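First listed ligand is number 1; within each ligand, the first listed atom is number 1. Bear in mind the structure is a predicted one, so any value in this text is a computation, not a measurement.
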Amino acid sequence: MSNSTLSVIEASKRLAAYTAVDQHVKPEHRIIGIGSGSTVPYVVDRIIQQGVAANKDRIFVPTGFQSRELIVSAGLTLGDVDQHPTIDVTIDGADEVDQNLNCIKGGGACHLREKVIAEAALTFIVVADYRKNSQFLGTNYDPGVPVEVVPFAYGKVLSKLKTIGAPDAALRMAVKKAGPVVTDNGNFVIDAPFSREHMINPSETLKQVKLLTGVVEVGLFCDMAKAAYFGNADGSVTIKRNDGSVEELAAP
Ligand SMILES: O=C(CO)[C@H](O)[C@H](O)COP(=O)(O)O
């Protein structure tokens, strides 16, 4: 699809995804992790554009139902992390990324599998449009930190989250179903908005929330990404790296 038929936001997602694939999915890479969300289809598009020969011996590991479907419908070979515990490169979206590449993830309720697939990867790369590029988490993404919980513990975890700094924490409700969102793992999700004070050092908040019994995984990805690619509205790409460098690639 040409740029003129894509919205600015969609074009920005595509730009980030294409640039990240071009720079990080190399011919020698055999096991590739595919994240979830609306930016990731562009990752798969670009990988397909590398051609049949490049992809014939590759295995693609999904982070949930949506990415599994993407991989299968693209005709790529599906694998799982139990067969491939070391992944060459994983590319995933994010709900927000801070100045140190810490991310909020789980807007699509996939963050447990996303974190496993990111942690298994030798290189974890984030792709997003410009709205996700922040100094501090919680600046633009306000629903809060997604917390996956086992269903029977949700009431207890919700009340603890309220006392440790997220007074407005709430169970995520489904839109086209009565009742809560149920994850690919059969769990519930609580969205916990923490104050700026908690988001300045998200690894501390991550540890605190993860220690609550009943919590399966927290949508704070701290010190995991090697680089984050943000497509900008003017056609440029901002690349933030984990060595603190920031590169601006001008629009072609
Ligand atoms: O964490 C995620 C799903 O759990 C997604 O990666 C995140 O929500 C970003 O999605 P999008 O690319 O649609 O903005």
For [atom], grab the closest protein heavy atom and report residue, atom and distance to one decimal in Å.
atom: atom 10 (O) of ligand 1; answer: G37 CA, 3.8 Å
atom: atom 12 (O) of ligand 1; answer: T39 OG1, 2.6 Å
atom: atom 14 (O) of ligand 1; answer: K132 NZ, 2.5 Å
atom: atom 13 (O) of ligand 1; answer: S38 OG, 2.4 Å
atom: atom 9 (C) of ligand 1; answer: A94 O, 3.5 Å
atom: atom 5 (C) of ligand 1; answer: S36 O, 3.3 Å
atom: atom 7 (C) of ligand 1; answer: D95 OD1, 3.2 Å

Where ligand 1 meets [X] - atom numbers and elements under 4.0 angstrom, heavy-atom basis:
X: D92; answer: 6 (O)
X: C110; answer: 4 (O)
X: A109; answer: 4 (O)
X: G106; answer: 1 (O), 2 (C), 4 (O)
X: E114; answer: 1 (O), 2 (C), 3 (C), 4 (O), 5 (C), 6 (O)
X: G93; answer: 6 (O)

### Query
Can we call the ring centroids of F188 and Y154 under 6.0 Å apart?
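Aromatic pair counts; centres sit under 6.0 Å.
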
#### Entry: Aromatic ring pairing F221/F124, orientation class (parallel under 30°, perpendicular over 60°, tilted between)
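Rings of F221 and F124: tilted, as their planes differ by 30° to 60°.
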
### Query
Do you see a donor-acceptor pair shorter than 3.5 Å between the side chains of E148 and T183?
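Yes, a side-chain donor-acceptor pair sits under 3.5 Å.
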
### Query
Between R30 and D88, is there a salt bridge with N-O shorter than 4.0 Å?
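Judged by the 4.0 Å cut-off on N to carboxylate O distance, D88 and R30 do not form a salt bridge.
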
### Query
Would you call D129-R131 a salt bridge at under 4.0 Å N-O?
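Here D129 pairs with R131 in a salt bridge, since their nearest N and O are under 4.0 Å apart.
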
### Task
Kindly confirm or rule out a cation-pi arrangement of R68 over F65, judged by NZ or CZ under 6.0 Å from the six-membered ring centre and within 45° of its axis?
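The answer is no, since R68 fails at least one limit relative to F65.
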
### Message
Counting only nitrogen or oxygen atoms and a 3.5 angstrom limit, does G108 reach ligand 1?
### Response
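There is such a contact, yes.
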
### Query
For K240, does the NZ atom sit with more than 12 other heavy atoms under 6.0 Å from it, leaving out its own atoms?
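More than 12 within 6.0 Å, yes.
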
### Message
Would you say CD of E197 has more than 12 non-hydrogen atoms from neighbouring residues, nucleotides or ligands within 6.0 angstrom?
### Response
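Not buried by this count: 12 neighbours or fewer within 6.0 Å.
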
#### Entry: Trace of the side-chain contact (heavy atoms from CB on, under 4.5 Å) decision for K132 with N140
CA-CA 7 Å; K132 317 293 184 70; N140 296 325; over 6 Å; no

